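For clarity, every value in this text was computed on a predicted model and none was experimentally measured. The chain is numbered in sequence order, starting from 1.
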Amino acid sequence: MNARNDLDLTSFEAILLSEKTKIDKNIELIKVELNSIGMDGELDEIIDMAEIEIENSTDHTLLEKLEAEVEEINAALNRIALGTYGICEKTGKPIPVERLKVYPSARTVVNV
């Protein structure tokens with residue numbers, strides 16, 4: 001695999017870091033929300049426990065998704081550092097710049 005010299009890696013790195021910062025903030029907000037459930041003493045009788053359980057489950061699912069996105073971003077940043085960013089992990093072919101602009105942490109070309 002040859003390093004891509006047709007990409008502005010600094011720009012892609014900035015995009016990835018910016019996205020990671022946003023996701024990290026959302027992760028922290030969700031964690032605070034999850035930790036605050038039930039911390040206000042006893043729940044008001046009006047609040048339906050089923051709704052709380054559904055919301056809690058949804059928050060956990062969202063948290064897992066966001067953490068997976070951070071892992072993908074970290075992997076993309078690592079590929080930048082290694083000089084393999086923008087190269088398909090399955091075919092070894094360059095990932096189109098248009099795809100990287102839409103999905104900067106892409107690992108593969110479409111239709112692999």
Approximate separation, where rounding is to 0.5 Å, of [X] [atom1] and [Y] [atom2]:
{"X": "D59", "Y": "E64", "atom1": "CG", "atom2": "CD", "value": "11.5 Å"}
{"X": "K25", "Y": "K22", "atom1": "NZ", "atom2": "NZ", "value": "9.5 Å"}
{"X": "L17", "Y": "I73", "atom1": "CG", "atom2": "CD1", "value": "8.5 Å"}
{"X": "D24", "Y": "E67", "atom1": "CG", "atom2": "CD", "value": "9.5 Å"}

Where do [X] and [Y] come nearest, in terms of heavy atoms and distance?
{"X": "I23", "Y": "L66", "result": "CG2-O, 3.6 Å"}
{"X": "R99", "Y": "T108", "result": "NE-O, 2.8 Å"}
{"X": "Y85", "Y": "A76", "result": "CD1-O, 3.8 Å"}
{"X": "G86", "Y": "L7", "result": "CA-CD1, 4.2 Å"}

Do [X] side-chain atoms and [Y] backbone N/O form a donor-acceptor pair below 3.5 Å?
{"X": "R4", "Y": "I95", "result": "yes"}
{"X": "S18", "Y": "A14", "result": "no"}
{"X": "N78", "Y": "N74", "result": "no"}

With a 4.0 Å cut-off, would you call E89 and R79 a salt bridge?
yes

Compare all side-chain heavy atoms of L100 with those of P96 and state whether any distance is below 4.5 angstrom.
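Contact flag for L100/P96 side chains = no.
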
Within the structure provided, determine whether E55 and E33 are in side-chain contact (heavy-atom separation under 4.5 Å).
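In short, these two side chains touch, coming nearer than 4.5 Å.
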
Trace of the side chain to side chain contact (heavy atoms under 4.5 Å, CB included) decision for E28 with K31
CA-CA 5 Å; E28 287 308 310; K31 285 181 178 180; 4.1 Å; yes

Please lay out, stage by stage, how I87 and K93 fare under the test side chain to side chain contact (heavy atoms under 4.5 Å, CB included).
CA-CA 6 Å; I87 299 170; K93 296 180 180 179; over 6 Å; no

Determine whether [X] and [Y] fall in the same hydrophobic cluster, where Ile, Leu, Val, Met, Phe, Trp and Tyr are linked whenever their side-chain heavy atoms lie under 4.5 Å apart.
{"X": "I27", "Y": "L34", "value": "yes"}
{"X": "L29", "Y": "L63", "value": "no"}
{"X": "I15", "Y": "Y103", "value": "no"}

Step-by-step salt bridge (charged side-chain N to carboxylate O under 4.0 Å, His left out) determination, K20 to E69
CA-CA 8 Å; K20 183 179 176 184; E69 286 182 41; over 6 Å; no

Does the pair L16 and I80 meet the rule for a side chain to side chain contact (heavy atoms under 4.5 Å, CB included), with working shown?
CA-CA 10 Å; L16 289 162; I80 289 174; 3.8 Å; yes

